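First the structure, in the form of structure tokens, and then the observations on it.
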Amino acid sequence: MDFSSVVKHLNLTLPCQLTFLDLIFDLTKETALDIFSETEENPAPWLRPRKLTPKPKFPTDKNQLISSVQKKVEQALKIAPTESSTEQNRKRPTWGHHEDEATVKFQIADSIFDLLVDDTANLIKDLSDKKYW
């Protein structure tokens with residue numbers, strides 16, 4: 001079913017109804033792509049590569065596909081019951097310090113570079129004031 005046929009079937013006329021339906025369509029598409037995509041993430045060269053989590057096999061049955069995507073969309077919209085907190089803590093990925101470490105290193109390097117540029121500019125100014133050139 002495409003968007004326009006759903007609009008006609010549900011007899012939607014208000015802009016807010018159409019916007020909500022468009023949101024549901026977009027969220028469903030993004031969720032399905034996220035669940036079943038098999039693209040590898042290439043981190044920046046200075047970061048350590050992350051282990052890829054295996055993606056679930058693509059369902060062979062239409063009902064399985066609909067139920068798995070519907071479950072994720074409902075969780076994204078916070079209209080479905082979520083797992084208990086202990087279950088979530090078990091599944092929560094560990095916090096990777098590598099990205100934060102790289103960010104802090106770049107910030108320190110930028111600060112050092114700025115200090116060096118300022119010191120060099122001040123030295124050249126002092127030298128030109130004393131007519132050493």
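Index from 1, following the sequence. A quick note: this is a predicted structure, and the numbers were derived from the prediction, not measured.
- Rounded to the nearest 0.5 angstrom, Asp110 CG and Asp114 CG are separated by 6.5 Å.
- Note on Leu10 and Phe25: same hydrophobic cluster, where clusters join Ile, Leu, Val, Met, Phe, Trp and Tyr whose side-chain heavy atoms are under 4.5 Å apart, directly or indirectly.
- Leu123 and Leu116 fall into different hydrophobic clusters, where Ile, Leu, Val, Met, Phe, Trp and Tyr side chains are chained together by heavy-atom contacts under 4.5 Å.
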- Task: For side chain to side chain contact (heavy atoms under 4.5 Å, CB included), just list the numbers for Ile112 and Ile108, CA-CA rounded to whole Å, side-chain angles, deciding distance to a tenth of an Å, and then say yes or no.
- Result: CA-CA 6 Å; Ile112 291 172; Ile108 292 171; 3.8 Å; yes
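- Of the possible polar contacts, none joining the Asp22 side chain to the Leu18 backbone as a donor-acceptor pair under 3.5 Å is found.
- Ile24 is listed as a side-chain neighbour of Thr28, based on a closest heavy-atom distance under 4.5 Å.
- Taken from CG in Leu115 to OG1 in Thr120, the straight-line distance is 10.5 Å, to the nearest 0.5 Å.
- Here the rule is side chain to side chain donor-acceptor pair (under 3.5 Å) with Glu74, and of Lys71, Gln70, Lys72 only Gln70 fits it.
- Taking 4.5 Å as the limit, some side-chain heavy atom of Lys125 sits within range of a side-chain heavy atom of Asp129.
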